Amino acid sequence: MTSEARHGLESRAIQVPPSITRELANAAMSVEGLIPLWFGEPNIPTPKFICDEAARSLSAGETFYAEGLGRPYLREAISGYMSELYSKPIGVNRVAVTVSGGNALNLAFQCVLEEGDTVVTLTPAFPNLLSIPKLQGARTVTHSLEVKDGKWSLDVEAFLETAKGAKVVLLNSPSNPTGFMLTRPEIARIMEVLRERGTWLISDEVYARTVYSGKAAPSFLEVSEPEDRLIVVNSFSKSWAMTGWRLGWLTLPPSLTPVVEKIAEFSIASAPPFSQRAAVVALQQGEEFVAQMAQNYKHARDLVCSGLLAHEGVTCPVPESAFYAYFKVEGVTDSVAYARMLIEEAKVGLAPGDAFLVGEPGWFRLCFAQTDEQLNEALDRLAPFLANARETV
């Protein structure tokens with residue numbers, strides 16, 4: 001009898017499967033000399049100018065509760081940043097500061113979901129994207145991306161057919177784990193159809209600035225009106241190397257903002273004020289850093305993809321954004337077992353494709369937000385295993 005059954009625990013939280021990547025990582029944390037490429041975060045600490053502002057805020061005694069929707073100065077900074085980025089006014093009354101992008105997603109779903117509702121999304125997918133609505137009693141339906149001409153691709157009309165009857169469509173573009181990115185025409189078409197149907201769209205755009213051409217990825221905010229049924233999720237984690245700060249934001253219809261404030265009060269109360277001070281500086285002074293990091297990731301992408309594609313049995317669609325290579329190793333029949341073997345024998349940590357809701361074995365995610373030295377060493381260690389995958393697992 002499981003401990004859950006013994007204690008009579010039958011909540012949805014008990015039934016949601018644990019993170020495969022987290023289980024692998026936890027078991028391998030003590031492996032000496034391991035190169036961990038499974039988690040998705042920049043390999044450098046938060047820039048000093050951002051940290052210095054947080055320190056100033058702490059020294060000034062800003063350690064008390066803040067407003068539920070965020071400090072007015074940060075909401076205004078986000079409004080200005082988004083308005084400039086997308087050349088379209090985004091009012092302060094549409095902005096809610098959250099404790100991380102994950103918290104933003106939870107709040108968004110709590111606003112619009114009822115038990116039994118259907119949520120449709122794309123796979124491969126970051127597992128949290130589906131676990132969050134499941135925790136609220138929703139039914140999740142998935143539609144698979146395809147690989148065409150060496151890149152990830154979406155048949156938009158087929159996806160819209162899958163989404164018929166859904167209460168919510170959830171999209172993550174740019175995508176974790178694939179680096180897939182919707183085009184502006186695709187975004188416009190999806191927004192048009194969902195508006196006609198009255199379907200809610202939750203758009204996870206936390207990798208919006210991690211793109212290899214242009215300033216930002218196409219956003220649904222560019223093709224929407226303020227009161228459209230659209231909620232956009234953003235985070236400071238990826239673009240400004242602030243994963244540990246746990247700070248994000250939502251862009252909402254103005255009529256939904258008070259609802260988010262009410263729900264947030266019962267879970268987070270408010271984001272830390274000193275983090276919010278630092279976030280303002282990130283937005284106002286961080287453009288050079290964001291642009292440089294995008295170029296660094298492009299270089300790392302080219303290094304990793306060329307190294308992986310040098311092996312005949314490897315398929316690696318070249319990502320257009322984010323900082324992941326999502327690739328398939330021919331002949332692998334058990335991705336989790338193969339990942340465990342690589343930890344033990346190659347001392348390289350990869351996230352198996354099973355973690356991203358892919359039924360086909362042999363897929364893996366490699367986070368290339370690392371130094372050239374680390375990536376070259378990882379590729380060298382992986383090479384003999386990739387070259388002989390059929391004989392390995």
Side-chain angles (χ1 to χ4, degrees), residues 17-29 31 34-41 43 122-129 142 144-147 150-152 172 174-180 207 297 300-370 374-393:
S19 165
I20 295 172
T21 303
R22 174 60 70 179
E23 288 187 332
L24 283 173
N26 285 347
M29 288 291 185
V31 175
L34 180 79
I35 301 177
L37 304 178
W38 37 42
F39 292 140
E41 63 180 346
N43 69 317
L122 297 172
T123 54
F126 182 51
N128 296 23
L129 297 183
T142 62
S144 298
L145 292 170
E146 303 171 310
V147 179
K151 291 186 178 182
W152 292 97
N172 172 213
S175 164
N176 171 11
T178 62
F180 166 76
Y207 292 94
Y297 297 144
R301 175 201 66 174
D302 294 344
L303 186 159
V304 166
C305 288
S306 62
L308 292 172
L309 289 169
H311 300 282
E312 187 176 348
V314 172
T315 300
C316 182
V318 179
E320 301 173 279
S321 54
F323 40 58
Y324 308 105
Y326 195 70
F327 64 98
K328 184 180 181 184
V329 183
E330 185 180 348
V332 172
T333 58
D334 187 331
S335 300
V336 176
Y338 192 77
R340 288 200 178 101
M341 180 274 298
L342 290 177
I343 291 169
E344 295 171 5
E345 300 187 27
K347 289 191 167 44
V348 176
L350 301 178
D354 304 56
F356 305 100
L357 311 172
V358 176
E360 185 181 12
W363 287 95
F364 301 90
R365 189 192 75 175
L366 182 159
C367 176
F368 53 72
Q370 307 291 332
Q374 289 173 307
L375 294 174
N376 280 318
E377 176 64 22
L379 289 169
D380 287 345
R381 293 185 188 184
L382 290 172
F385 299 93
L386 299 179
N388 301 288
R390 292 177 182 176
E391 290 78 30
T392 307
V393 175

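Because the structure is a prediction, the values reported are computed rather than measured.
Side-chain N or O atoms of Thr123 include none that pairs as donor or acceptor with a backbone N or O of Ala125 at under 3.5 Å. A donor-acceptor contact shorter than 3.5 Å links the side chain of Arg301 to the backbone of Pro319. No donor-acceptor distance shorter than 3.5 angstrom exists from the side chain of Asn172 to the backbone of Ser175, with no hydrogens or angles considered. A donor-acceptor pair is defined here as one N or O able to donate and one able to accept, closer than 3.5 Å; such a pair exists between the side chain of Ser335 and the backbone of Gly362.
For the atom pair Trp152 CH2 and Thr178 OG1, the distance stands at 6.5 Å (nearest 0.5 Å). Rounding to the nearest 0.5 Å gives a distance of 10.5 Å between CZ of Phe180 and CD of Glu146. Distance OH/Tyr326 to CG/Leu308: 13.5 Å, rounded to 0.5 Å.
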- [ ] Please step through ring pair (Phe, Tyr, Trp, His ring centres under 6.0 Å) for the pair Tyr338 and Phe364, ending with a clear verdict.
- [x] CA-CA 10 Å; Tyr338 192 77; Phe364 301 90; 5.4 Å; yes

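Side-chain contact check for Phe356 versus Pro127: some heavy-atom pair is nearer than 4.5 Å. Looking only at side-chain heavy atoms (C-beta outward), Gln370 and Phe323 stay at 4.5 Å or farther from each other. Put simply, the side chain of Leu34 does not reach to within 4.5 Å of the side chain of Val348, judged on heavy atoms. Contact check for Asn43 versus Gln374: side-chain heavy atoms found under the 4.5 Å cut-off. Put simply, the side chain of Leu366 does not reach to within 4.5 Å of the side chain of Trp38, judged on heavy atoms. At least one side-chain heavy atom of Leu379 sits under 4.5 Å from a side-chain heavy atom of Leu303. Using a 4.5 Å heavy-atom cutoff, the side chains of Leu37 and Ile35 are in contact. Contact annotation: the side chain of Leu350 approaches that of Leu342 to within less than 4.5 Å [non-hydrogen atoms, C-beta and beyond].
A pairwise comparison of heavy atoms in Val332 and Pro361 identifies O-CB, 3.7 Å as the closest pair.
Pairs engaging residues 379-388 under the salt bridge (Lys or Arg N to Asp or Glu O under 4.0 Å) rule: Glu377-Arg381 [sequence neighbours left out]. Within the structure, salt bridge (Lys or Arg N to Asp or Glu O under 4.0 Å) contacts touching residues 320-329 (residues at least two apart or in different chains) are Lys328-Glu360.
Residues Tyr324 and Tyr207 have side chains that bring a donor and an acceptor to within less than 3.5 angstrom of each other.
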